[in-house]
J.: 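This is the structure, below, for whatever I ask next.
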Amino acid sequence: MKNPFLTTILIEVHTVEDGRFEIRECVPQNHRALFARAHFDADEAIIGFAASEVRTEPDRYTVQIDRDSHIVLDPLYLQYINHHCNPNVMFDCRTMEVRALRAIEPGDELTFFYPSTEWSMEEPFACHCGSPLCLGRIRGAAFLSSAVLAEYEVNPHIAELVRERALNTVKAG
Ligand SMILES: [Zn+2]
């Protein structure tokens, strides 16, 4: 482990209805994360997702699927796909599928780049993902430069908001 603060102890594995995934629960903090139990190819649509509820405001477990909609995920266990600055999946809001960004092997944690869906997060946090590309404090795409966001695949509503921000900056200038 590069960072001693990242040292976590696995205390429990929770099975989910789809046997290709499992939830691992670690201490400290009862941190939960979703892991693959199967191989997925790069670019593979690994599972569809839907909304069990649509909200107008985000919380720590919702995913933003357009400018004004923050959904509670169905299946719910997809909420345990945590953030990483070098992620291996994305929530594709055009197809409503979780898609692999590269090949995933059994035992890999599934992670996505929160700012690829989230414009301004309800609960910003300090990322300790360990990636050389780690962005540190994660607050949503609104707080990242266009240059940083260009390194990632983001959803249409994020791309649109970034374009609007750039136009407003030009006008203000
Ligand atoms: Zn990070």
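Computed from a predicted model, the values in this text were never measured in an experiment. Each ligand, and each atom within it, is numbered from 1 in the order the structure gives.
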J.: Verify the distance test for Cys127 against the Zn ion (ligand 1): any N/O/S atom under 2.8 Å, yes or no.
T.: yes
J.: Under 2.8 Å from the Zn ion (ligand 1) - does any N, O or S atom of Cys134 fall there?
T.: yes
J.: Can you confirm whether or not the ring centre of Phe21 sits under 6.0 Å from the ring centre of Phe40?
T.: yes
J.: Compute the angle centred on the Zn ion (ligand 1) spanning SG of Cys85 and SG of Cys129, and express it rounded to 10 degrees.
T.: 110°
J.: Looking at the rings of Phe49 and Phe91, which for Trp means the six-membered one, are their centres under 6.0 Å apart?
T.: yes
J.: Ignoring hydrogens and geometry beyond distance, is a side-chain donor-acceptor pair present between His84 and Asn82 at under 3.5 Å?
T.: no
J.: Tell me if the centroids of the rings in Tyr114 and Phe125 come within less than 6.0 Å of each other.
T.: yes
